[in-house]
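Shown next, in structure tokens, is the structure this report addresses.
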Amino acid sequence: MRIDPLPLPCGARRGTSERLREKLQELACGHAEFVSHSEKSWASVTFVGARHRLDLAFAGHDAVEAGENFIAYLPEHEFAIPRQLVADAAVTAVDHRIGADPRLEVRIELLLLDEE
């Protein structure tokens, strides 16, 4: 199943999830296929936000190379998402298949905090 940002109706506003996927796609140089995306509210004594878990796939030689770079740069990447601070970004699982049709599957988790 592929989950990509869809065009929004005229006047519709993008939410945090759509903005996050857009920024992740930029980091993946346009090669990521969003397989799944879940979001769970998160709070501490001083912060409120959400934990996001995404599964991404990279199919083909160029995409796999982009995916390998994505894995390397994600933890330290500075995201620019309005009213959000990415407090943590981690790769939690990787499945790398080589051969005639290489494929890289990546699970990531991000903690986004509301900036107000």
Side-chain angles (χ1 to χ4, degrees):
M1 175 170 77
R2 184 176 173 108
I3 302 174
D4 285 321
L6 300 174
L8 297 173
C10 187
R13 295 176 53 157
R14 291 180 302 153
T16 301
S17 292
E18 291 83 13
R19 286 187 174 117
L20 175 60
R21 285 195 301 267
E22 178 182 287
K23 296 301 180 184
L24 290 168
Q25 189 65 271
E26 288 175 11
L27 183 59
C29 298
H31 289 284
E33 175 185 333
F34 292 89
V35 178
S36 69
H37 182 177
S38 63
E39 178 180 347
K40 184 176 182 180
S41 296
W42 181 92
S44 70
V45 174
T46 54
F47 298 103
V48 174
R51 185 164 294 282
H52 295 258
R53 176 181 287 170
L54 297 97
D55 291 322
L56 294 84
F58 299 86
H61 294 287
D62 291 342
V64 168
E65 184 177 345
E68 291 168 345
N69 289 328
F70 178 89
I71 290 168
Y73 293 115
L74 177 71
E76 301 302 321
H77 184 70
E78 294 289 331
F79 289 90
I81 302 172
R83 297 177 302 283
Q84 298 291 312
L85 170 68
V86 178
D88 186 41
V91 175
T92 59
V94 175
D95 183 13
H96 196 180
R97 298 178 203 148
I98 56 174
D101 296 317
R103 184 173 176 86
L104 178 65
E105 297 176 359
V106 180
R107 173 168 285 168
I108 60 174
E109 292 187 12
L110 299 99
L111 176 60
L112 276 66
L113 304 177
D114 296 342
E115 283 187 330
E116 300 206 26

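- With His37 as the partner, the side chain to side chain contact (heavy atoms under 4.5 Å, CB included) test is satisfied by one option alone out of Leu24, Leu54, Leu56: Leu54.
- The distance from the CD atom of Glu78 to the NZ atom of Lys23 is 13.0 Å, given to the nearest 0.5 Å.
- Atom CZ of Arg107 and atom OG of Ser36 lie 6.0 Å apart (nearest 0.5 Å).
- In this structure, Val86 is a member of the same hydrophobic cluster as Phe34, with clusters built from ILVMFWY side-chain heavy atoms closer than 4.5 Å.
- Between Phe70 and Ile108, some side-chain heavy-atom pair lies under the 4.5 Å cut-off.
- Residues Leu104 and Glu68 approach most closely at CD2-N, 3.6 Å, considering heavy atoms.
- Among pairs with a residue in residues 78-116, those fulfilling ring pair (Phe, Tyr, Trp, His ring centres under 6.0 Å) read His77-Phe79, at least two apart in sequence or across chains.
- Grouping the Ile, Leu, Val, Met, Phe, Trp and Tyr side chains by contacts below 4.5 angstrom, directly or via other members, places Val94 with Leu110.
- A distance-only check finds no donor-acceptor pair linking the side chain of Glu65 to the backbone of Asp62 [under 3.5 Å].
- Looking at every heavy atom in both residues, Val35 comes nearest to Ala57 through CG2-CB, 3.9 Å.
- In this structure, His52 and Arg21 have side chains that are not in contact, with every pair of non-hydrogen atoms separated by 4.5 Å or more.
- To the nearest 0.5 Å, atoms CG (Leu20) and CD (Glu39) are separated by 8.5 Å.
- Tracing side-chain contacts under 4.5 Å through hydrophobic residues (I, L, V, M, F, W, Y), one reaches Tyr73 starting from Val64; they form part of the same cluster.
- Side-chain contact between Asp114 and Gln84: present, with at least one pair of heavy atoms (C-beta onward) separated by less than 4.5 Å.
- Glu109 CD to Lys40 NZ: the interatomic distance, rounded to the nearest 0.5 Å, is 10.5 Å.
- Every residue two or more places apart in sequence or in another chain was checked for a salt bridge (Lys or Arg N to Asp or Glu O under 4.0 Å) with Asp88, and none qualifies.
- The shortest heavy-atom contact between His31 and Ala66 is CD2-CB, 3.5 Å.
- Trp42 CH2 to Leu113 CG: the interatomic distance, rounded to the nearest 0.5 Å, is 5.5 Å.
- Leu112 and Leu27 fall within a single hydrophobic cluster, where Ile, Leu, Val, Met, Phe, Trp and Tyr side chains are chained together by heavy-atom contacts under 4.5 Å.
- Gln25 places a side-chain N or O within donor-acceptor distance of the main-chain N or O of Ala32, the cut-off being under 3.5 Å.
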